[in-house]
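Notes to accompany the following structure.
These values consider heavy atoms only, across backbone and side chains, with no hydrogens, waters or symmetry-generated copies. None of these values were measured; they are calculated from a predicted model.
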Amino acid sequence: MTDHLPEVIQFRRYLHQNPELSNHEKETSWFILEKIKQCDPDEIIQFDNYGLAVIYKGVKPGKRTLIRGDMDALPIQEINEIEYKSIKEGVSHKCGHDGHSAILYGLAKEYATQRPAKGDAILLFQPAEETGDGAKGILSDKKFKQLSPDFAVALHNLPGYAKHKIVYRQDVFTAAANSIIIKYFGKTSHAAEPELGLNPAMAMAEVTKKFEALCIPDTEDHNFQIITPIYYRLGEKSYGVSAGYGETHFTLRAWHNEVMQSLESKCESVAREIGKQYGLKIEFGWTQSFFANENNDMVVEAIVNSAENLQLEMEERITPFKWGEDFGLFTREYPGAMFGVGAGTLSPALHNPDYDFPDEILETGIRMMSEIQKQLSDQAS
């Protein structure tokens, strides 16, 4: 791998310098496609939403392992002064998806000269992870049926952990997350005569208070669930008018999909009942939905065995990570798992304006994914 590492770093830095937001990864996809064509793939599948699947067939037949890397950036202004600083105003790679895609490119460079010994490797470059649209779009694309993976695996870089450390977990790795938009339709009136209208303000406040009471913030509780207020809108800046319309937006998080499903129902029920009490019409919308990443025992075993074989330091995490990850859709459909690679104890946190994926861990990610593919082929024999 050492021979290809400079090219992989250059690839990662190009993506970093030229970021694109979720659902707008046209140039990113084109760049990856042109680079991958030079890596002698057996097959390339282009999806309708800019995603790419690159297939390398094993020397011997065996199970197919899908290895996913995401490619979208965030609406964050970069403050780093580096030679490959983002050239897009207000857009930058602050979650490390440039590094995740570069790891897949490194695997392609490796497989170009030496195919998997057994079983097929599917390198999936996925768009729109940040909004939750990417995995959904890939899985619903008719062309995805051609892939028929037996296993799915993904990694995420983890600031706060020593570089190269492998962080794994049985069961759930990242939380289920979903965001609710509640619209309150009342009636405007003169601000001097609010009794002649229906102002949603008190209903909005009561919904917020009731939602807070639903929270179970203990991270070691199976029924962990939290509700975070995100955005409020009430009326207009017209001080003679009592508002007749309002919105409240909340993000819900839970460790388990079934807990999330129950919480979603409770939130709708609470808001509907309070709206009824105040004579308001209530409408709901849901956005940016993420299923929990439920790790499969066999794939976790392959991750642990791979780290041991590569003599990498490991840590088993006690609780899941609170953030959402749309790879959870893949683990709902296929035996799969997500794990973490430490990005440094002094690294800025994900989604911070000064974060930058460390090039030093690219090779660690490549070696881990290559070894995991081998492990899964052996287990499936």
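- Looking only at distances, a side-chain donor or acceptor of Ser92 sits under 3.5 Å from a matching main-chain atom of Ile76.
- Proximity of Val341 to Leu158: side-chain heavy atoms (C-beta onward) are nowhere separated by under 4.5 Å.
- Outside the 6.0 Å centre-distance limit, the rings of Tyr231 and Phe250 are not counted as a close aromatic pair.
- Rounding to the nearest 0.5 Å gives a distance of 9.5 Å between NE2 of His4 and CD1 of Ile366.
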Could you tabulate the donor-acceptor pairs under 3.5 Å formed by side-chain atoms of residues 53-60, not counting sequence neighbours?
{"residue": "Tyr56", "atom": "OH", "partner": "Cys39", "partner atom": "O", "Å": "2.8"}

Checklist entry - Between Thr28 and Tyr50, is a side-chain contact (heavy atoms from CB on, under 4.5 Å) present by the stated rule, with each step listed? => result CA-CA 8 Å; Thr28 300; Tyr50 304 127; over 6 Å; no
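- With salt bridges taken as basic N to acidic carboxylate O contacts below 4.0 Å, one links Lys109 and Glu7.
- Within a 6.0 Å sphere centred on CH2 of Trp286, heavy atoms belonging to other residues, nucleotides or ligands number more than 12.
- Annotation for Lys210: atom NZ does not count as buried by contact number, only 12 or fewer foreign heavy atoms lying within 6.0 Å.
- Using modelled atom types, one finds a donor on one side chain and an acceptor on the other under 3.5 Å when comparing Thr251 with Ser179.
- Salt-bridge annotation for Glu313 and Lys165: present, with a side-chain N of the basic residue lying under 4.0 Å from a carboxylate O of the acidic one.
- Less than 6.0 angstrom separates the ring centroid of Phe31 from the ring centroid of Tyr14.
- Using a 4.5 Å heavy-atom cutoff, the side chains of Leu312 and Met368 are in contact.
- A salt bridge between Lys94 and Glu78 is present, with a side-chain N of the basic residue lying under 4.0 Å from a carboxylate O of the acidic one.
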Item to check | Test log, rule side-chain contact (heavy atoms from CB on, under 4.5 Å), inputs Ile182 and Phe284 | outcome: CA-CA 5 Å; Ile182 307 171; Phe284 301 101; 4.1 Å; yes
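- Under the 3.5 Å distance criterion, the side-chain polar atoms of Glu129 are matched with a main-chain donor or acceptor of Asp326.
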Show me the donor-acceptor pairs within less than 3.5 Å that the side chains of residues 344-354 make with the rest of the protein, sequence neighbours left out.
none

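- The closest donor-acceptor contact from the side chain of Asp171 to the backbone of Asn295 lies at 3.5 Å or more, if one exists at all.
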Next on the checklist: Please evaluate residues Arg253 and Asn178 with respect to the criterion side-chain contact (heavy atoms from CB on, under 4.5 Å), reporting the C-alpha separation (whole Å), side-chain torsions for both, the decisive distance (0.1 Å), and the verdict.
Outcome noted: CA-CA 7 Å; Arg253 297 181 192 275; Asn178 203 356; over 6 Å; no
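- Side chains of Asn18 and Tyr84 form no contact here, defined as non-hydrogen atoms less than 4.5 Å apart.
- Lys37 and Glu34 are joined by a salt bridge, as a carboxylate oxygen and a charged side-chain nitrogen come within less than 4.0 angstrom of each other.
- Residues satisfying the ring pair (Phe, Tyr, Trp, His ring centres under 6.0 Å) criterion with Phe327, sequence neighbours excluded, are Phe330.
- Judged by a 6.0 Å distance limit and a 45° cone about the ring axis, Lys281 is positioned over the six-membered ring of Phe185.
- Contact between Lys118 and Pro61 at its shortest, heavy atoms only, is CG-O, 3.5 Å.
- His156 and His100 have perpendicular rings, their planes meeting at more than 60° on a 0 to 90° scale where under 30° would count as parallel.
- Summarising the local packing, CE of Met314 is surrounded by more than 12 heavy atoms from other residues, nucleotides or ligands at distances under 6.0 Å.
- Side-chain contact between Phe11 and Ile32: present, with at least one pair of heavy atoms (C-beta onward) separated by less than 4.5 Å.
- Dense packing is recorded around CD of Gln277, with more than 12 heavy atoms of other residues, nucleotides or ligands lying under 6.0 Å away.
- Counting heavy atoms from C-beta outward, Glu130 and Leu74 have side chains that approach closer than 4.5 Å.
- Checked against the 6.0 Å centroid threshold, Tyr245 and Tyr184 do not count as a close aromatic pair.
- The pair Glu325-Arg68 counts as a salt bridge, with a side-chain nitrogen and a carboxylate oxygen less than 4.0 angstrom apart.
- Counting only heavy atoms from C-beta outward, the side chains of Ile122 and Pro149 approach each other to under 4.5 Å.
- There is a side-chain donor-acceptor pair under 3.5 Å between Ser370 and Glu110.
- Ser269 places no side-chain N or O within 3.5 Å of a backbone atom of Ser265 that could act as its donor or acceptor partner.
- Checking side-chain atoms of Asn199 against main-chain N and O of Gly244 turns up no donor-acceptor pair under 3.5 Å.
- Taking 4.0 Å as the cut-off between side-chain N and carboxylate O, Glu81 and Lys85 count as a salt-bridged pair.
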Checklist entry - Run the side-chain hydrogen bond (donor to acceptor under 3.5 Å, both in side chains) check on Gln373 and Ser377 step by step: do they pass? => result CA-CA 6 Å; Gln373 189 276 330; Ser377 292; 3.2 Å; yes
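- For Ser306 (side chain) and Ile372 (main-chain N/O), a donor-acceptor pair under 3.5 Å exists by modelled atom type.
- Both tests hold for Arg317 against Phe321: distance to the six-membered ring centre under 6.0 Å, angle to the ring axis within 45°.
- If you check the side chains of Asp70 and Gln126, you find no donor sitting under 3.5 Å from an acceptor.
- When atom types are taken as modelled, the side chain of His256 and the backbone of Glu258 share no donor-acceptor pair closer than 3.5 angstrom.
- Taking 4.0 Å as the cut-off between side-chain N and carboxylate O, Arg12 and Asp356 count as a salt-bridged pair.
- Looking at Val172 and Asn293, their side chains never come closer than 4.5 Å, going by heavy atoms from C-beta outward.
- Side chain of Asp141 to backbone of Lys143: a donor-acceptor contact under 3.5 angstrom is found.
- With rounding to the nearest 0.5 Å, the separation of CZ in Arg233 from CE in Met204 is 10.0 Å.
- When only modelled atom types and interatomic distance are considered, Tyr355 and Asn157 share a side-chain donor-acceptor pair under 3.5 Å.
- Annotation: the span from Leu147 atom CG to Leu66 atom CG amounts to 7.0 Å, rounded to 0.5 Å.
- A donor-acceptor contact shorter than 3.5 Å is absent between the side chain of His97 and the backbone of Ala73.
- You'll find the side chain of Ile227 reaches within 4.5 Å of the side chain of Cys267, heavy atoms only.
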Next on the checklist: Asn257 vs Glu294, test: side-chain contact (heavy atoms from CB on, under 4.5 Å). Steps then yes/no.
Outcome noted: CA-CA 9 Å; Asn257 292 322; Glu294 297 179 328; 3.4 Å; yes
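- Salt bridge status for Asp120 with Lys63: absent, with no side-chain N to carboxylate O gap under 4.0 Å.
- Put simply, the side chain of Thr331 gets close to the backbone of Gly328: a donor and an acceptor are under 3.5 Å apart.
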Item to check | Audit row: Glu220, Trp255, side-chain hydrogen bond (donor to acceptor under 3.5 Å, both in side chains) steps and yes/no | outcome: CA-CA 10 Å; Glu220 296 189 26; Trp255 287 156; over 6 Å; no
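- In this structure, Phe339 has its ring center at least 6.0 angstrom away from the ring center of Tyr168.
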